[in-house]
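Keep in mind that this is a model prediction, so the values were computed, not measured. A, B, ... follow the sequence lines: proteins, then strands. Residue 1 opens every chain.
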There are 2 protein chains.
Amino acid sequence: MLLPLTKPAPRADGMEGCPVHALRKRLRTARLRPTRQRVALGWLLFGKGHRHVTAEMLFDEAKSVRSPVSMATIYNTLHQFTRAGFLREIAVEGAKAYFDTNPLPHSHFLIEETGALLDIPANALPAFHAPKAPEGYEIDRVELVIRVRRARRGRQ
Amino acid sequence: MLLPLTKPAPRADGMEGCPVHALRKRLRTARLRPTRQRVALGWLLFGKGHRHVTAEMLFDEAKSVRSPVSMATIYNTLHQFTRAGFLREIAVEGAKAYFDTNPLPHSHFLIEETGALLDIPANALPAFHAPKAPEGYEIDRVELVIRVRRARRGRQ
DNA sequence: TTACGTGCAAATAATTTGCAGTCCC
DNA sequence: GGGACTGCAAATTATTTGCACGTAA
């Protein structure tokens, strides 16, 4: 939001600039018909650097650019994009689900006052060794969220 | 649940055995009147090793031991206990909130198939250095959840 | 043409709230 | 006795579903 901490990383998925035709192709590859709604949402999601969005944020954004889409379609699309590997769903607190346009494994700061998410730059987080999974289980993914709050009196 | 991975750690909060009078005292210290409902829920929560419960689990348990408590009271009590430092709320996926009777910082395995939480034994997780918080912010807490799933064909 | 998509409205799920009545100090 | 607490039911919030209609291939 206000913090310069996360200069949008260059996209690792070959969708830079994301001209509409590339997006349509990408949708087709995922066996998703490039409908007006999906293209509009894809454009909003992937058109400008990585983002963390909620269904509601995307709904409002679509409306504000005159491509209104129903909530049902927002949810359908977010889940289809997630299944296709374009997005990653992030479980934070509360009922609200976040979707991250960077599907690669990485960690987040959660600003407690606003509920905003911030990528933690890979170089800011020393690698750590995940523990062995319990007997009979295997690790699917590691979710690290560091909850931060405004420091009192500007220190820290 | 079935896994021997987490032998309930000895309680660090002086509530071993948790005789009712100690619980009542503890509630009073937190400026919570030791009502029938709060004592019953405290007994269920703290009476036997550490646990990860949802509001619904606690509701059902209270009913099953013939101390039925309304959902509103379950939620009130869980939040009051959390504010008092007896519990820690854990944000996992989905709308459902978990409350951990171990309020000290520690991490969890999430069994994806069942949604069950498992403490990660401190010695199984090498310490790692948290990154510096963004400018103007300070770290409140670190939440690490390692999502695991059944390994295919018994291997790991 | 026709299977896939979309939008609406109603349904769910988890949680919160308002308030009349109850109980602890 | 009086304020803190509880229970009920209705309200909220986030999300899902069912189904008639629309639209891309």
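Using five terminal pairs a side, the axes of the helix from C/dT1-D/dA25 to C/dC25-D/dG1 at its two ends make an angle of 20°, given in steps of 10 degrees.
Applying the side-chain contact (heavy atoms from CB on, under 4.5 Å) test to B/S107 and every residue at least two apart in sequence or in another chain returns B/I120, B/L125, B/L144. Judged as a side-chain hydrogen bond (donor to acceptor under 3.5 Å, both in side chains), and not counting sequence neighbours, the contacts of B/E112 are B/R147. With sequence neighbours excluded, no residue forms a side-chain hydrogen bond (donor to acceptor under 3.5 Å, both in side chains) with A/D60. Every residue two or more places apart in sequence or in another chain that forms a side-chain hydrogen bond (donor to acceptor under 3.5 Å, both in side chains) with A/D100 is listed here: A/H52, A/H106, A/H108. Every residue meeting the side-chain hydrogen bond (donor to acceptor under 3.5 Å, both in side chains) condition with A/Q80, not counting sequence neighbours, appears here in chain and number order: A/R38. With sequence neighbours left out, B/R141 forms a salt bridge (charged side-chain N to carboxylate O under 4.0 Å, His left out) with B/E143. In terms of the ring pair (Phe, Tyr, Trp, His ring centres under 6.0 Å) criterion, residue partners of B/F99 (sequence neighbours excluded) are, by chain and number, B/H79.
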Enumerate the protein-to-nucleotides 6-10 of chain C contacts in which both atoms are nitrogen or oxygen and the separation is below 3.5 Å.
| residue | atom | partner | partner atom | Å |
| --- | --- | --- | --- | --- |
| C/dT6 | OP1 | A/T35 | OG1 | 2.4 |
| C/dT6 | O3' | A/Q37 | NE2 | 2.6 |
| C/dG7 | OP1 | A/Q37 | NE2 | 3.2 |
| C/dG7 | OP2 | A/S70 | N | 3.2 |
| C/dG7 | OP2 | A/S70 | OG | 3.1 |
| C/dG7 | OP2 | A/T73 | OG1 | 2.5 |

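Between B/F99 and B/R24, the residue anchored nearer the 5' end of DNA chain C, judged by the nucleotide with its closest heavy atom, is B/F99. The nearest heavy atom of DNA chain C to B/P34 and to B/Y98 marks one nucleotide each, and the one closer to the 5' end goes with B/Y98.
In this structure, the CG atom of A/L78 is 15 Å from the C1' atom of C/dG5, given to the nearest Å. Between the C1' atom of D/dA25 and the CG atom of A/L32 lies a distance of 15 Å, rounded to the nearest Å. A/K96 has its NZ atom 16 Å from the P atom of D/dT12, to the nearest Å. Atom-to-atom, CZ of A/R83 to P of C/dG5 comes out at 10 Å; the value is rounded to the nearest Å. In this structure, the CG atom of A/L27 is 13 Å from the P atom of D/dA24, given to the nearest Å. The separation between A/R31 atom CZ and C/dG5 atom P is 11 Å, rounded to whole Å.
Between A/H79 and D/dT16 there is a side-chain polar atom (N or O) within less than 4.0 angstrom of OP1 or OP2. A/R28 has a side-chain polar atom (N or O) that falls below the 4.0 Å cut-off from OP1 or OP2 of D/dA25. Distances shorter than 4.0 Å separate some side-chain N or O of B/Y75 from OP1 or OP2 on C/dT15.
Ion pairing between B/K132 and B/E138 fails under the 4.0 Å rule for side-chain N and carboxylate O.
Within the 3.5 Å criterion, the main-chain N or O of B/L78 finds a donor-acceptor partner in the side chain of B/T82.
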